[in-house]
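Some notes on the structure that comes next.
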Amino acid sequence: MSNTFFSYGLIAIPFVSVVIIMAIRALYPKPYPDIPHNKDSANRVSGDIPDLVPLITATNEFSNSIFRITTQKLGTPIAQFLFPGIRKPLIVLEDPREIEDLLLRRNKEFDKAPMALDIFQPMFPKASLAQYTTPELKAQKRLWADVMTAEFLHKATAPRIHKATLELVELWRLRISVSNDKPFAVDEDLQNTTLDAIWVSILGDEAGIIDHSIKKLRNKIGGSIPFDATPPRGGFLRDEVRYISDTIARISNTPSPKWAGKFETYTPRYQRFRSTVTREISLLMAAAIKRFQGLDVETLNSGDTDRCMLDLVLRRLVLQSRKNNNAPLPDPTKDQNMLDELFIMLVGGHDSTANSLCWFVRFMEAYPTVQSELRTVLRAAFPGPEPPSAQAIIETNVPYLDAVVEEGFRLAGAAKGNLRQAVVDTSILGYHIPKGAEIFMNYHITRPPVPVDEAKRSGSCQAAADKHGDGLRGRAGYDLDKFEPRRYLVKDIDTGKETFNHYAIPSLAFGGGYRGCAGRKLATLEFRIFVSLLILNLEFTDLPEEMRSMAATEKIFRQPDMPFARLKVL
Ligand code: HEM
Ligand SMILES: *[C@@H]1O[C@H](CO)[C@@H](O)[C@H](O)[C@H]1NC(C)=O
């Protein structure tokens, strides 16, 4: 008996040891072969995480911390971030040309990554941000594509954004009058402005948030001016959108955003969000449909009555039913695809833009010569005395203004890090990338790229450089950490005239390709109107030393830690 036990034991000991060794080994990071990584991190179970955590704690910037301890530390254009072995490494890519190529020209090889979709999936499963590129998604994108055409934006959206911006100018004039030449915080005003702008652009309804702030401040200054203290129509919206932004930021910082998101959908707060916003949107939808049902086919076809994005989408639904012998109209207020897309556009479309504008305000203070050159150029283009109309701002060719807008998005880096997943076995910069690998890319170009052997680049990337040149190696690529709009301007040697070159350097602030930002044209329009009206009406003067920091905190978007301005009325 004891003999048998003994011999079993002899077999069991090595067996157990092998199992333990294998289990421990499974916990160690499993780097992809050849792709550069930190050797020390490969030899510990926790991988790169112990280097990452203190950096994030010190800087509040998640994406930048990943780049700093991988590509930037190793001095390579591509590297990998090592997780414990239960999770595959993250491939990190910092080369702007290769990123642009991957986004624009390699859509068959790379799609959205699970890690990116997981953040939105539980709460907004039918929003485009939560879906892989499927036939269903393509149909959804077609439905919304026309609301972002230049023609539609100029006709229906620009005047509304123009009005919202003039209200901000008015509010800031009032703030200046009571500020005693002291700086004041601008971040909330910018968020309120972009909310007004996005709500009315999408839904055609005035949220009245800035208007309310104006009246409140006037009342405070004037004392006797009567003031209706009931919150603005859009007050609820601000709370709801804020709740969603904060929730997305919070769950994206948990180990499992998918489960954290799923959990959130069961909370009363989430249910309240859904019911409140759906109720408001449904009212607007019902009114629009009623209006369209009263129109004849010819008027419906023309689209002349569209006042906002929702109008266009609903008008098409009514038209379709009319053409199908008055087939019953699907109820859009129950259409989850439509509601989810609307929610995401409201949330994503206002926070991103507000943050980019906030950075712009910081840049104007930090680069006074750019500010005065911009004002000179704008005054020449729009002599006044009235502020230029939305149409004038859109249609007047002002290359320096184009350049300021592009440079503003670039240096703001509101959306810094973004993900894709390889859907086939492929390669990047000569390294094998297996199907399923996730790639984390830097959309914020602030430093000269590490040199890359041209032959290692993809064929399409090389071809693009043959066409547009490699701008980052030339004049346009100097001082990438500085705000320098001139990098996008090209002077004609014969006429001396300057033109804006959109291809001067890669443009990554909105991602790109089929899954790039759906709201890019809207954001660009908004930025252009904002920049023109603000610079013509107000001067951004210097801030005290302690407010000049360009430090950022990255939540969903990168936002400045010092969102202050000191302003003068012109
Ligand atoms: C300055 C403002 C903005 C910035 C910096 C920005 C940036 C981005 C980025 C980086 C992406 C991911 C692209 C990728 O994966 O390559 C994205 C996606 C998206 N954005 Fe924006 N965005 C802005 C404004 C807007 C606005 C105003 C709207 C809508 C009204 C909008 C709607 C969307 C949508 C729907 C997607 C998802 C597209 C898809 O998954 O196919 N964005 N945005
Ligand atoms: C922004 O709007 C909300 C809702 O009306 C208001 O409570 C808040 O005070 C506004 N922010 C500023 C800085 O005026």
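Atoms within a ligand are numbered from 1 in the order they appear, just like the ligands themselves. Just the heavy atoms: all of them, side chains too, but no hydrogens, waters or symmetry mates, feed the values below.
- The residue from G413, G417, S356 that puts a heavy atom closest to atom 1 (C) of ligand 1 is S356.
- Of all the atoms in ligand 2, the ones that sit under 4.0 Å from a non-hydrogen atom of D189 are 12 (C), 13 (C), 14 (O).
- For atom 15 (O) of ligand 1, the candidate residues are Q131, E341, R420; the nearest heavy-atom contact is made by R420.
- Considering backbone and side-chain atoms together, N192 places an N or O closer than 3.5 Å to an N or O of ligand 2.
- Nearest-residue assignment for atom 29 (C) of ligand 1 (options G408, A509, A415, G519; heavy-atom criterion): G519.
- Look at K568 and D181 and you find no salt bridge, because none of the NZ, NE, NH1 or NH2 atoms lies under 4.0 Å from a carboxylate O.
- At under 3.5 Å, a nitrogen or oxygen of E188, whether backbone or side chain, sits near a nitrogen or oxygen of ligand 2.
- Contact atoms of ligand 2 toward P232: 5 (O) (distance under 4.0 Å to a heavy atom of the residue).
- Remark: ligand 1 atoms within the under-4.0 Å shell around heavy atoms of Y443 are 10 (C), 14 (C), 15 (O), 16 (O).
- Residue contacts with ligand 1: Y514 is placed with no nitrogen or oxygen under 3.5 Å of a nitrogen or oxygen of the ligand (distance criterion only).
- Listed by number with element, the atoms of ligand 2 under 4.0 Å from a non-hydrogen atom of R175 are 12 (C), 13 (C), 14 (O).
- Short contacts between ligand 1 and G511, defined as distances under 4.0 Å to a heavy atom of the residue, involve ligand atoms 10 (C), 16 (O).
- Residue K141 has at least one nitrogen or oxygen atom sitting less than 3.5 Å from a nitrogen or oxygen atom of ligand 1, judged on distance alone.
- Counting the atoms of ligand 2 from 1 in the order shown, those under 4.0 Å from a heavy atom of S213 are 14 (O).
- Of the listed options S352, C517, A523, C517 places a heavy atom closest to atom 17 (C) of ligand 1.
- When non-hydrogen atoms are compared, ligand 1 lies under 4.0 Å from the side chain of K112 (C-beta onward) but not from its backbone.
- If you number the atoms of ligand 1 from 1 as listed, the ones under 4.0 Å from a heavy atom of G512 come out as 16 (O).
- By heavy-atom distance, the residue among G349, G516, G348 lying nearest atom 38 (C) of ligand 1 is G516.
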